[in-house]
*Asks:* 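There's a structure below that I have some questions on.
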There are 2 protein chains.
Amino acid sequence: MSLRYGLLGLLSEKPASGYALSQQFQDVLGVVWPASHPQIYTALNHMLGEGLVEIQHTGARGKKVYTITPAGTAALRQWLAHGPVDHTLRSESLLRSFFFDQMDPADLERHLEAEIAFFAERVALYKRYAEAKDRGDHGRSARTASLRIAVESGVRLYTALQEWAQWAKRYRNHSG
Amino acid sequence: MSLRYGLLGLLSEKPASGYALSQQFQDVLGVVWPASHPQIYTALNHMLGEGLVEIQHTGARGKKVYTITPAGTAALRQWLAHGPVDHTLRSESLLRSFFFDQMDPADLERHLEAEIAFFAERVALYKRYAEAKDRGDHGRSARTASLRIAVESGVRLYTALQEWAQWAKRYRNHSG
DNA sequence: ACGGGCATGTAAGCGGTTACATGATTCG
DNA sequence: CGAATCATGTAACCGCTTACATGCCCGT
């Protein structure tokens with residue numbers, strides 16, 4: 001169900017085509033909630049049938065621009081304020097950590113170093129986004145403030161993961 | 001595919017029944033990789049056909065105890081050392097943060113406080129696990145060391161999330 | 001005797017991915 | 001003119017959840 005609300009959330013900012021929504025999922029939301037384009041087109045058609053979105057107009061190349069309806073806005077607000085929160089933090093990368101004892105030390109060392117590099121890159125990326133928003137590059141709307149908060153979670157989570165992987169490397173070296 | 005490797009990982013420690021594996025997923029691995037019992041039984045039967053696991057013996061109540069085969073161990077090691085890492089950190093809770101601007105301030109305040117309480121509880125839980133392991137309550141095997149590392153990721157991630165939610169509360173109050 | 005936990009499964013259906021398919025437009 | 005990008009979809013398949021179904025064993 002989260003995909004639906006993700007789409008409604010994006011449409012609550014401004015009308016958009018399925019293609020544009022797909023891009024935004026790939027570039028922005030996809031980090032915490034991936035969605036492929038067939039899934040998005042299917043969901044939009046379904047939501048159209050339920051009256052949560054409407055086609056505002058059609059453009060070149062068969063483009064369909066969707067708007068959120070009052071019913072859609074109500075559904076989004078209901079979910080945000082009163083929908084039960086699923087706290088699962090699904091991560092394949094962390095699943096692996098339960099089985100580090102099954103790797104030979106050299107492979108584990110290599111793995112942890114690659115993870116540290118990856119996490120560090122993510123931290124740097126989100127810090128750049130955060131700084132851009134703090135400078136006001138993207139305006140000072142309530143929407144930008146939301147994105148600023150979301151980006152902050154990225155900075156903090158990936159910093160924590162990077163430090164964790166470094167700690168894990170040290171832990172192995174003087175206890176294993 | 002991750003479920004399969006999760007099962008192989010658990011079986012690499014010691015033989016277990018589908019029921020026991022299911023319990024372990026619910027209690028331990030489920031935080032980062034949830035799996036329901038029908039999914040686990042289906043996967044085990046599939047892996048049996050592929051020769052990755054074997055039935056060691058059957059016990060009371062139709063119990064089937066599975067062992068990992070050499071082919072299964074090889075598949076697990078291959079995945080751990082050379083399988084491409086999927087870095088997606090899927091989180092419904094974080095998806096919501098992108099749309100905080102769509103909530104009314106009182107609902108958002110309540111939501112953030114509930115999230116802070118939830119994250120704080122998780123931090124406390126994992127710190128207790130970590131302390132138990134550091135005291136040696138679960139022995140000092142390589143396996144325990146792996147679990148200690150996994151638990152540490154929980155402590156750090158949920159600490160980061162808790163501090164993030166607190167920061168978000170303050171951010172809203174003096175910028176919104 | 002019976003209730004709860006042990007133990008394994010099947011079936012229907014939804015969520016999600018990958019591959020396939022098509023065509024318009026823009027840019028070099 | 002050709003390649004990349006815009007733009008929308010269908011179909012097959014797999015992963016996963018929920019509900020249903022069955023029966024044994026243990027403790028009270």
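Each chain gets a letter, A, B and so on, in the order the sequences are listed, and its residues count up from 1.
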*Asks:* Test of understanding: with ring pair (Phe, Tyr, Trp, His ring centres under 6.0 Å), list the residues that count as partners of B:W33, not counting sequence neighbours.
*Replies:* none

*Asks:* Once rounded to the nearest 0.5 Å, what's the spacing between atom CD of A:Q39 and atom OG of A:S22?
*Replies:* 10.0 Å

*Asks:* Could you check A:L3 against A:F25 for side-chain contact (heavy atoms from CB on, under 4.5 Å), going step by step and ending with a plain yes or no?
*Replies:* CA-CA 10 Å; A:L3 168 63; A:F25 259 87; 3.7 Å; yes

*Asks:* Tell me, do B:K169 and B:I116 make a side-chain contact under 4.5 Å, heavy atoms counted?
*Replies:* yes

*Asks:* I need the residues from residues 18-31 of chain A with at least one non-hydrogen atom less than 4.0 Å from DNA chain D; give them sorted by number, or say none.
*Replies:* A:G18, A:Y19

*Asks:* Whole Å only: how far is the NZ atom of A:K64 from the P atom of D:dT8?
*Replies:* 8 Å

*Asks:* Taking A:R172 first and then A:E109, would you say they form a salt bridge - that is, a charged N and a carboxylate O separated by under 4.0 Å?
*Replies:* no

*Asks:* For residues A:Y171 and B:Y126: do they belong to one hydrophobic cluster (side chain heavy atoms under 4.5 Å, members Ile, Leu, Val, Met, Phe, Trp, Tyr)?
*Replies:* yes

*Asks:* Any base atoms under 4.0 Å from A:S17, or only sugar-phosphate, or nothing? Heavy atoms, all strands.
*Replies:* sugar-phosphate

*Asks:* What are the 5'-most and 3'-most nucleotides of DNA chain C lying under 4.0 Å from any heavy atom of chain B?
*Replies:* C:dG5 to C:dG16

*Asks:* Would you indicate whether the side-chain heavy atoms of B:L10 and B:V28 approach each other to under 4.5 Å?
*Replies:* no

*Asks:* Using the ring pair (Phe, Tyr, Trp, His ring centres under 6.0 Å) criterion, which residues pair with A:F118? Sequence neighbours excluded.
*Replies:* B:H87

*Asks:* Please tabulate, for side-chain N and O atoms in residues 94-108 of chain A, each donor-acceptor pair with protein atoms closer than 3.5 Å (sequence neighbours left out).
*Replies:*
residue : atom : partner : partner atom : Å
A:R96   : NE   : A:E92   : OE1          : 2.8
A:R96   : NH1  : B:W79   : O            : 3.0
A:R96   : NH1  : B:L80   : O            : 3.4
A:R96   : NH2  : A:E92   : OE1          : 3.4
A:R96   : NH2  : B:G83   : O            : 3.4
A:R96   : NH2  : B:P84   : O            : 3.2
A:S97   : OG   : A:L94   : O            : 2.6
A:D101  : OD1  : B:R143  : NH1          : 3.1
A:D101  : OD1  : B:S146  : OG           : 2.9
A:Q102  : OE1  : B:R77   : NH2          : 3.0
A:Q102  : NE2  : B:S12   : OG           : 3.4
A:D104  : OD1  : A:A106  : N            : 3.1
A:D104  : OD1  : A:D107  : N            : 3.2
A:D107  : OD1  : A:R110  : NH1          : 3.4
A:D107  : OD1  : A:R110  : NH2          : 2.6

*Asks:* Do any pairs count as a side-chain hydrogen bond (donor to acceptor under 3.5 Å, both in side chains) and have a residue in residues 152-167 of chain B, sequence neighbours left out, and if so which ones?
*Replies:* B:R122-B:Y158, B:R148-B:E152, B:E152-B:R156

*Asks:* If you restrict it to nitrogen or oxygen atoms, what contacts under 3.5 Å exist between nucleotides 11-16 of chain D and the protein, and what is each distance?
*Replies:*
residue : atom : partner : partner atom : Å
D:dC16  : OP2  : B:Q39   : NE2          : 2.9
D:dC16  : O5'  : B:Q39   : NE2          : 3.0

*Asks:* Tell me who clusters with B:Y41, hydrophobic residues only, linked when side chains sit under 4.5 Å apart either directly or through other members.
*Replies:* B:Y19

*Asks:* Would you list the protein and nucleotides 23-26 of chain D atom pairs, both N or O, that sit under 3.5 Å from each other?
*Replies:*
none

*Asks:* With clusters built from Ile, Leu, Val, Met, Phe, Trp and Tyr whose side-chain heavy atoms come within less than 4.5 Å, directly or transitively, what are the remaining members of the cluster of A:V85, listed by chain and number?
*Replies:* none

*Asks:* Is there a chain of hydrophobic side chains (I, L, V, M, F, W, Y, each step under 4.5 Å between heavy atoms) that links A:I55 to A:V65?
*Replies:* no

*Asks:* Could you state the CG-C1' distance from A:N45 to D:dT10, rounded to the nearest angstrom?
*Replies:* 12 Å

*Asks:* Indicate yes or no for a side-chain donor-acceptor contact from B:T144 to the backbone of B:H138 under 3.5 Å, with no hydrogens or angles considered.
*Replies:* yes

*Asks:* According to ring-ring contact (aromatic ring centres under 6.0 Å, His included), does anything in residues 43-70 of chain B pair up with another residue at least two apart or in another chain? List the pairs.
*Replies:* none

*Asks:* So if I take the C1' atoms of five pairs at each end of the helix from C:dA1-D:dT28 to C:dG28-D:dC1 and get each local axis, what angle do the two axes make, rounded to 10 degrees?
*Replies:* 20°

